[in-house]
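Letters A, B, ... mirror the listed sequences (proteins, then strands); counts begin at 1. Atoms considered below: every heavy atom in the structure, side chains included; atoms not considered: hydrogens, waters and symmetry mates.
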Amino acid sequence: MPTTAELMVSNLSVQFGGLKAVNEVSFSLQPQTLAGLIGPNGAGKTTIFNALTGLCPVSGGEISFGDQRLTNQPPHTIARCGVARTFQNIRLFKNLTVLDNLRIAYHKNRQYSLLCSLFRSPRYWREEEQITARAKEALELVGLATKAEHLAGSLPYGEQRRVEIARALMLSPKLLLLDEPAAGMNPQETLTLLELIRRLRNELKITILLIEHDMKLVMNLCERLFVLDYGHLIATGDPKAIQSNRRVVEAYLGGTGA
Amino acid sequence: MVKPRLTGLIKIILLLCIYGVVRLLESRGLLLPYHVQVLSLCCINVILVVSLNLINGFTGQFSIGHAGFLAIGAYLSAFLTVKMHVPFLAAILCGGLLAGLAGLAVGLPALRLRGDYLAIATLGFGEIIRVIILNMEAVGGAKGFSGIPKYTTFGIAYLTAIITVVVIRNFVHSDYGRACLAVREDEIAAESLGVNSTYFKVLAFALGAFFAGTAGALFSHYLQYMAPTPSQIGFVKSIDILIMLVLGGLGSLTGSVIAAVVLTIIPELLRGFAEYRMIIYPILLIVVMLYLPAGLMAGRELSLDSLARLCKGVKSSAHYS
Amino acid sequence: MTLLEVEGLTVHYGVIQALKGISFRVEQGEIFTILGSNGAGKTTTLKALSGLVPKSGGRVFFEGRDITTAPSHTLPALGLVHVPEGRRIFAGLTVADNLLLGAYHRRDKAGIKEDLESVYELFPRLAERRKQDAGSLSGGEQQMLAMGRGLLSRPRLLLLDEPSMGLAPVLVEEIFRFIQEINRRGTTILLVEQNAHLALEIAHKACVLETGRVALSGAAREVAADGRIQEIYLGAG
Amino acid sequence: AQGDVIKIGLISSLTGAVSTYGQSVRNAVTMAVDDINAAGGINGRQINLVILDDKGDGTEAAQAARRLIDRENVALILGPVITPCVMAVAPIAQAAKVPMLTPTGTGDEITSIGDYIFRGAYKDSFQGRIMAQFAAVNLGLTEAAIIYDVANDYSVGLRNAFKATFEELGGKIVAEESYSTGDTDFSAQLTALAMRNPQALFIPDYYSTAGPILMQARLMGMDAIMLGVDGWDSPDLSALAGGFEEGGYIVNHYSADVDSPVTQEFIARYTAAYGQAPDALAALGYDGALIVAKALEAAGSTEPEALKQALGTVKGIDGVTGTINMDPEGTPIKSAVILQSTGGKWELVDQVDPSGR
Amino acid sequence: MSWHIAALQQLVNGLALGSVYALIALGYTMVYGIIKLINFAHGEIYMLGAYFGFYALTLLNLSLLPAMLLSMAAAALVGVLLERVAYRPLRNSPRISVLITAIGASLLFQSTAQLVFGASFKPFPQAMPFRRIQLGPVFITNRQLLIFGVAVLLMILLHVLVTYTKFGKAMRAVARDKEAALLMGINVDRIISATFALGSALAATAGILVGMYYNRIDPYMGMMPGLKAFVAAVLGGIGMVPGAVLGGLLMGVAENLVVTLGSSTLRDAVAFAVLIVVLLFRPTGLLGKKGIEKV
Ligand SMILES: Nc1ncnc2c1ncn2[C@@H]1O[C@H](COP(=O)(O)OP(=O)(O)OP(=O)(O)O)[C@@H](O)[C@H]1O
Ligand SMILES: Nc1ncnc2c1ncn2[C@@H]1O[C@H](COP(=O)(O)OP(=O)(O)OP(=O)(O)O)[C@@H](O)[C@H]1O
Ligand SMILES: [Mg+2]
Ligand SMILES: [Mg+2]
């Protein structure tokens, strides 16, 4: 289903003790945009993701998604609003199979009741079949259909990243947040990933916001960039504009940037 | 793979056969009341271990106060049958329900506490229950609760154990169970996938406690006497259950069943060795743990499929040799 | 002079064979880089060298001495120091304590002090934060700390596993500058990198791993010029 | 094989936290059985003793009982030692109609479980009443305090009986504190008790706990008269109490001053055999075996009904703990003595006729 | 005695009892700190320490200090062996498996001790004269003072050891990341052994002092205090040296206060309830740091 909801972040602040990791950041994201969030290490990028997904308390400002207010909602509620994410340090359920990792993520769409599950009503069987089918579809999409029965933790790093993306897709999200999806991948793999992300946006019509240090990927993929430094949003714009922004070059890109 | 319907049928037949064989041997005098008694205890322990597995093994909470739930079920049901003349089945249900409620209450600290801190809180909870019972004159206090009718037969214990295992298996293999697994594996990831970890922790505690309560009800009407001692309803019992759970393998239901049965029978076999019994038993425990650190079943399940495969394997290897 | 010699190294994880007999040599004073895609066995190679995973076959010589079965904790004293993947700094200890733990095996107080100062000189940012909890450092700072900690062992051979992973472009440049600087000061370096571009730029020699085997090796410049490498690792396809 | 031996089961706590009591009983019973067998057995038949451990746990004791009854086909069960085990075993023995005699179980309700259940010790109510009477009447006390183990049925039972009788006789329990089995620090309770300055302190528990309580109380400066029970009877009491049992009174079955050669000989032989002097539980264990032997002899068979009959009627057994006459109700009629510790020895101060109960 | 003097006296008693818990909890916390293992056998090493001391005092006729040193050495040896045989092989296994071997070891020590030393309660030799010290309206015994003093002294020593010495830093490094510690040239096995030796020696010290204090030892004496000390360590924040002492003292005072307030029968229940409530407000104990989990 195409997304029409718009992400609005206004004056978002996150504080850890004395440290203001995110400082009065405001931005908005039009539906079906493919946007990037970049900035030096420790700039607060992941923290913004955490605030968006309810994993860390917001100390000021507002986050809304469509007509839903996400500020300081518990993570599972936010997930139910259609916001899915991946993690910088992969957080797969390592001891479970790839398939189970995905099936878990169908949770919010599950219809049958506790009693149905305890006594295995026909409805249970029907829906379980459906869930498995959905999971296989998602795996197909990221090109891992053959790995369904593998333990998630046993896969190579790059594949784990893709499983994590597939798992996020099981939520049928409207907004997908990807935290450094290309980290630890070689250029070839990065390229495949780039194609995948682009396809996801085009086929599923979802909004994607990603954090990435690989400038090649960011510049090729994103339509819009937000640059963060020391918790402040220092620049917004399309890749071209950002690349030539002197502040961004100084703080982040350096001499060879891109 | 064998078809689910078919395996279901095979399993039911197998379970009935086991019951039939026990009954037959009993009537032929090959199984003495003593043996049947031990088997009943095995069933009660199966319920306890499997229900703890739901909390510790599948949901990843660290509870060492399971005997507290057993105590609630045991005493409440005994009180109901002895003092209120409530029918046994209703008493079992009431015991389970009150224990389940207590499980809800214990589930709450589980929301804030992790790992060893939770363990201590559950241990504390178990001891609080025990001390309260110790001070309750209505159920005999330190004297213990005697005169409980012997309602628990092997049949009832066996049936309850089967129901427990089946229900918990069904739970675990549903979306609910997967949500619990997710909470166990990585709470943050689970939350971000829309799993309300609070709800599932409390649910696991409540459900686990419910079954422990029913086991308690069976237990008091099996022993006909309850005493508020650590080894019967206190931390010693909780640890016994935990040992069975870990030895069977966290997260494996068949492992729990096997370990509960084996560890109920072993002390029985060793009983004649007097003081040496308590030296042999811990050595066995340590050795098994050293060689099978993830437990007998190591998170796997023994299923008809795997058995069939095993048989085939044996057959085919026999064929080639 | 050959500093490190690896002969037919194999490693198993259970039944999976992660390294299928790899051999290479690292000469004194050079930067040697190992490239390869995910799961090729780069990390495993370094771990096997420093004894973190048991070797199932092959031999390893360091300065002519057979260290195939030497326990991990004896290697820093010999001069073989491993800065692991993912930094692995000790959170909860201060920056200074982390650095000093690098010198754990050393007894020469004066020498340690001297090296400490030179690390602070190399990474002034660590000097600013010497009393800070290492866990609170940013990714780049943690990487510097990990390298600084390695340097305090006075390595003759420094094994670096993906030092640029997850770092912002400016920091990546900086880290690579540091690697060259360390090398210039006389430390031989065995570098595992995903960022093949930069790695090949600063390395003298290189080898490419593919699913546990050496697929290609030679002078860095030659390796960089190889067509296949161009395609896979430099994204020139 | 039934003809030439008589099989008797003993259930005792050989392991676990109360094993010290269980082992005393086991040692004494083994000694008694050996004695009987050496003297030609019972009506020419040797006794075969099957010993099973119950770890001090009711579930285990029940299991052991079933095994003795079903698999070993014992004629009779001796034991168990502690009340929670006794209570778990009694319904089984009763249902199977296998006579059972616990040498040490004191809980009042034990013998009311059925007509096959017997004991060799005092009832808690009997002993508690004797001590209360002695305190109120002989010592003329009007105020007393109690410290007892809430988790131990023996202690609770004695406390209840003492309290009831003492109050009946016009005395007042000015303070009461409790602790749990396994506790070692009683300073809090004792401080609270000391605040009330009681004339006497009743400590109904075994020597192992009474000893430390006595010491801690005295060191705290408490000068109340210390009142005890048969559980205090152990050569180790004095060392555990740091000698502070001096001046205290206990109820006991027998007195080393007045008693028979049987007692003296038992103490000597037990000490020689096990390297430690017997405590009250050993004495009771020995007598339990004697009662059983006498009953078997009187019944002339191992037939349950006859045996039960005999157990309820055997009289004049010359035991270590005095002369024992069994009662069909299941509790022996035994005389009690009141002893006082003077100069490190327990001396007889009063003798209570069993009819005094 | 008036009510408030009694309360004050209870406070002193509570501190003394708390010192006992603290003394045992220190060893618990050391071992936990390094390998995150609830060493269930710690209470039994405390028991063995008491017995070693007992035999050193009676059979070998040593005086207190040498007996103590001997017992500490013997307990350290037992601790090191225990780690070697039952814990080290499981270092990479699930934590709960090690917990089970620890429980197994605890049962084994209990029953072996019962077999070797006898099941009976043994009066502990009184190697120190008894004295009562009046502090205004309340009093304290010299033994209470000794236990309190030793607990506080050991806490300070251990704290210094862990925070400032090279050994302490190595310990903390091993606790954080064993693999990385190896790469620093730290002999992880040896550091862990040394920690067990230290923790066990601490347990032995506690065993002797407490044995002397209560004048009674038996093979099961480690069970309850072991459990309580563990609770105390958790209350204070397990793994933290000062936390063990704080937790111990607090437990002791709380227990005694409950008695003063007139419900000795519910003492243990109230103590546990207090613990749970404290944990609800401070989920990692009083001094425990909240583990920052960076997502
Ligand atoms: N849970 C936390 N507690 C305390 N400080 C935190 C926490 N999470 C993040 N921080 C701090 O907030 C700042 C921003 O961190 P964040 O992880 O958002 O950076 P980032 O932009 O994602 O960097 P990187 O590119 O290295 O991932 C850092 O200084 C970090 O140390
Ligand atoms: N602990 C382990 N258990 C089982 N297999 C492992 C383990 N560690 C690594 N492997 C497997 O060994 C192979 C080599 O892994 P290694 O970590 O050495 O790769 P790498 O080249 O460092 O990859 P990356 O670029 O992702 O760091 C992979 O297939 C991996 O899945
Ligand atoms: Mg980040
Ligand atoms: Mg790697």
Which residue out of L285(B), L245(B), L290(B) racks up the most heavy-atom pairs below 4.5 Å with chain E? L290(B)
May I ask you to decide if L54(B)'s main-chain N or O and T59(B)'s side chain share a donor-acceptor pair within less than 3.5 Å? yes
Would you say that L48(B) contacts L52(B) through its side chain, given a criterion of any heavy-atom pair below 4.5 Å between the two side chains? no
CD of Q61(B) to CG of L111(B), rounded to nearest 0.5 Å, is 8.5 Å
What option among A119(B), A121(B), G124(B), P109(B) has the most heavy-atom pairs under 4.5 Å with chain E? G124(B)
At a heavy-atom separation under 4.5 Å, does F281(E) approach chain B through its side chain, its backbone, both, or neither? backbone
Check whether any side-chain N or O of N53(B) sits under 3.5 Å from a backbone N or O of G251(B) as a donor-acceptor pair, and report yes or no. yes
I need the contact set between residues 88-119 of chain E and chain B: heavy-atom distance under 4.5 Å, sorted by residue number. P89(E), L90(E), S93(E), P94(E), R95(E), I96(E), S97(E), L99(E), I100(E), T101(E), I103(E), G104(E), A105(E), L107(E), L108(E), S111(E), T112(E), Q114(E), L115(E)
Does H42(E) use its side chain to pair, donor to acceptor, with the backbone of G226(E) at less than 3.5 Å? no
Which one of L134(B), N135(B), L108(B) has the most heavy-atom pairs closer than 4.5 Å to chain E? N135(B)
Quick check: do Y32(E) and N39(E) have side-chain heavy atoms less than 4.5 Å from each other? no
Side chain, backbone, both or neither: which part of L279(E) has a heavy atom under 4.5 Å from chain B? both
Check whether any side-chain heavy atom of F272(E) lies under 4.5 Å from a side-chain heavy atom of L123(B), and answer yes or no. yes
Max heavy-atom pairs within cutoff under 4.5 Å with chain B, candidates V231(E), L227(E), D268(E), goes to L227(E)
With the side chain counted from C-beta on, respond yes when V50(B) and F211(B) share a heavy-atom pair under 4.5 Å apart, and no when they do not. no
Which bit of I38(E) is near chain B, if near means a heavy-atom gap under 4.5 Å: side chain, backbone, both or neither? side chain
Greater than 12 external heavy atoms within 6.0 Å of Y55(E)'s OH: yes
Quick check: under 4.5 Å, non-hydrogen atoms only, which of residues 237-258 of chain E neighbour chain B? G237(E), I238(E)
Let me know if L242(B) has heavy atoms under 4.5 Å from chain E in its side chain, its backbone, both or neither. both
Under 3.5 Å: donor-acceptor pair, side chain of R184(B), backbone of G57(B): yes
Contact part of I243(B) toward chain E, heavy-atom cut-off under 4.5 Å: side chain, backbone, both or neither? both
Quick one: does F62(B)'s side chain get under 4.5 Å of N56(B)'s, heavy atoms only? yes
F125(B) and F69(B) aromatic centres sub-6.0 Å: yes
When R130(B), M278(B), R112(B) are compared by non-hydrogen pairs under 4.5 Å with chain E, the top option: R112(B)
Are the side chain of K36(E) and the backbone N or O of G33(E) linked by a donor-acceptor pair below 3.5 Å? yes
Side chains of M171(E) and M30(E): closer than 4.5 Å at any heavy-atom pair? yes
